[in-house]
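Worth saying up front: this structure is predicted, and the values here are computed from it rather than measured. Residue numbering restarts at 1 for every chain, and letters A, B, ... go by the order of the sequence lines.
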Number of protein chains: 2
Amino acid sequence: MAGTKALTPAVLHILLALSAQERHGYGIMKQVESDSQGKVRMGPGTLYGSIRRMTEAGLIRESDRKIDPHLDDERRVYYGITARGQQALATELRRYRQVVAVAHERSLLPEGA
Amino acid sequence: MAGTKALTPAVLHILLALSAQERHGYGIMKQVESDSQGKVRMGPGTLYGSIRRMTEAGLIRESDRKIDPHLDDERRVYYGITARGQQALATELRRYRQVVAVAHERSLLPEGA
DNA sequence: CGAAACTATGTCCGCGACGGATATATGTCA
DNA sequence: TGACATATATCCGTCGCGGACATAGTTTCG
């Protein structure tokens, strides 16, 4: 698709997961699952591949967060959303909202469920 | 991504365009553009490739609609959404709505714009 | 204690969607 | 007649997806 380069679903979900706070890879995976009520599950291939591409694109950055090793698994690598990432997220969310709005107009979304 | 095989953005937009009425390829292209306020533009590669895959998957079907050739371009091939297509669309729309809801909770979507 | 399950990060690679370029031809309008 | 929009269709390079696999520390519980 064209336009202003739409974000892939994987990228959108990761940005959404990082919008509230910094998280490490595995934490992102779990947050995506909870944000989507368990409907979206992200495997390691998608997760770490996306993280690499997003870091290269400047949407997220590795955090220098260092918590007391006794209280936090040392293997963890934390990531945070950048200003550019926030902007990309906002743009994509507007696109999502537009789709939902059109769906509403056509009565494609029953109130409940 | 996993879950119940998420629809690609292209497929979602095409289903949305066909949700109101049957349309031919080029008409779908224009409707997608208008539904998205010009933000999503679908090239012929994506359009006809998606139409083929969606027909094979039973999400849409070629319509037998035959309008008076004098009043309608004979080259046109009309497509309609199937019951399966409607179901897939509804499922995906719920996923979209969920994303928008989460975004709202985190105040990521200013009222206007 | 020991086994199992969970946490955590990462690579590899085949599959398939995307989407621009290209081709062809008709319709419309000035 | 020339230009542009309509309309369908194929080709193919690029790239994201995502399961499988690898590795290893941590927690839990009988």
Side-chain angles (χ1 to χ4, degrees), chain A residues 1-15 17 22-34 36 39-57 59-60 62-63 65 67-79 88 92, chain B residues 1-15 17 22-34 36 38-57 59-60 62-63 65 67-79 88 92 95:
Chain A
M1 212 102 51
T4 314
K5 290 156 208 160
L7 301 182
T8 66
V11 170
L12 170 69
H13 282 288
I14 291 173
L15 288 178
E22 297 190 339
R23 295 180 197 280
H24 56 102
Y26 194 80
I28 292 172
M29 201 190 292
K30 290 300 169 192
Q31 184 63 32
V32 167
E33 214 169 311
S34 111
S36 67
K39 283 168 200 154
V40 176
R41 253 165 267 152
M42 196 174 286
T46 302
L47 176 68
Y48 293 104
S50 295
I51 285 177
R52 182 180 50 73
R53 287 187 294 272
M54 291 167 74
T55 301
E56 283 166 11
L59 298 177
I60 61 177
E62 206 168 311
S63 166
R65 173 165 169 171
I67 291 183
D68 186 335
H70 296 292
L71 296 173
D72 201 0
D73 196 320
E74 291 188 59
R75 291 172 298 170
R76 291 179 172 178
V77 181
Y78 281 85
Y79 297 93
E92 189 68 4
Chain B
M1 214 98 49
T4 315
K5 289 156 210 160
L7 301 183
T8 66
V11 169
L12 170 69
H13 282 289
I14 291 173
L15 287 178
E22 298 189 339
R23 294 180 198 279
H24 55 101
Y26 194 79
I28 293 171
M29 202 190 291
K30 291 300 168 190
Q31 184 63 32
V32 167
E33 215 171 311
S34 112
S36 68
K39 282 169 201 154
V40 176
R41 253 164 267 153
M42 197 174 286
T46 302
L47 176 68
Y48 293 104
S50 295
I51 285 177
R52 181 179 51 73
R53 287 186 294 272
M54 291 168 75
T55 302
E56 283 166 12
L59 297 177
I60 60 177
E62 206 169 308
S63 166
R65 172 165 171 171
I67 291 184
D68 186 334
H70 295 292
L71 296 173
D72 202 0
D73 196 320
E74 291 187 59
R75 291 171 298 171
R76 290 180 172 177
V77 182
Y78 281 85
Y79 297 92
E92 188 69 5
R95 206 170 281 154

Rounded interatomic separation in angstrom, taking CG from B:L47 and C1' from D:dA9: 10 Å
Rounded distance (Å) that lies between atom C1' of D:dT6 and atom OH of B:Y78: 12 Å
Length of the line joining A:K5:NZ and D:dT14:C1', which is rounded to integer Å: 15 Å
Separation of D:dT10 P from B:Y48 OH (nearest whole Å): 10 Å
pair A:V32-A:L47: side-chain heavy atoms closer than 4.5 Å: no
Short side-chain N/O contact from A:R76 to OP1 or OP2 of C:dA8, under 4.0 Å: yes
Nucleotide D:dA7, atom P - distance to CZ of B:R23 in whole Å: 12 Å
Interatomic distance where CE belongs to A:M29 and C1' belongs to C:dC6 [whole Å]: 12 Å
Euclidean distance, atom NZ of residue B:K30 to atom C1' of D:dA5 [Å, nearest integer]: 8 Å
Sugar-phosphate only, base, or nothing, as touched by B:G25 at under 4.0 Å among non-hydrogen atoms: sugar-phosphate
Under 4.0 angstrom between A:Y26 side-chain N/O and C:dT7 OP1 or OP2: yes
Nearest to side-chain heavy atoms of A:H24, which nucleotide of D:dT10, C:dC18, C:dA8: C:dA8
Minimum heavy-atom distance A:S50-A:I14, with the two atoms named: CB-CD1, 3.6 Å
Donor-acceptor contact present, side-chain B:R23 to main-chain B:A17, <3.5 Å: yes
Pairwise distance CZ(A:R53) to OG1(A:T8) - rounded to 0.5 angstrom: 7.0 Å
Whole-Å distance separating the CZ atom of A:R41 from the P atom of D:dC17: 18 Å
Gap separating the OH atom of A:Y79 from the CG atom of A:L59, nearest 0.5 angstrom: 13.5 Å
Report all interatomic pairs (protein N or O, nucleotide N or O of nucleotides 14-17 of chain C) with separations under 3.5 Å.
residue, atom, partner, partner atom, Å
C:dA17, OP2, B:R53, NE, 3.4
C:dA17, O5', B:R53, NE, 3.4

Separation of A:E22 CD from A:E62 CD (nearest 0.5 Å): 11.0 Å
N/O donor-acceptor pair, side chain B:R75 with base C:dT26, under 3.5 angstrom: yes
Electrostatic pair B:R95-B:E92, nearest N-O below 4.0 angstrom: yes
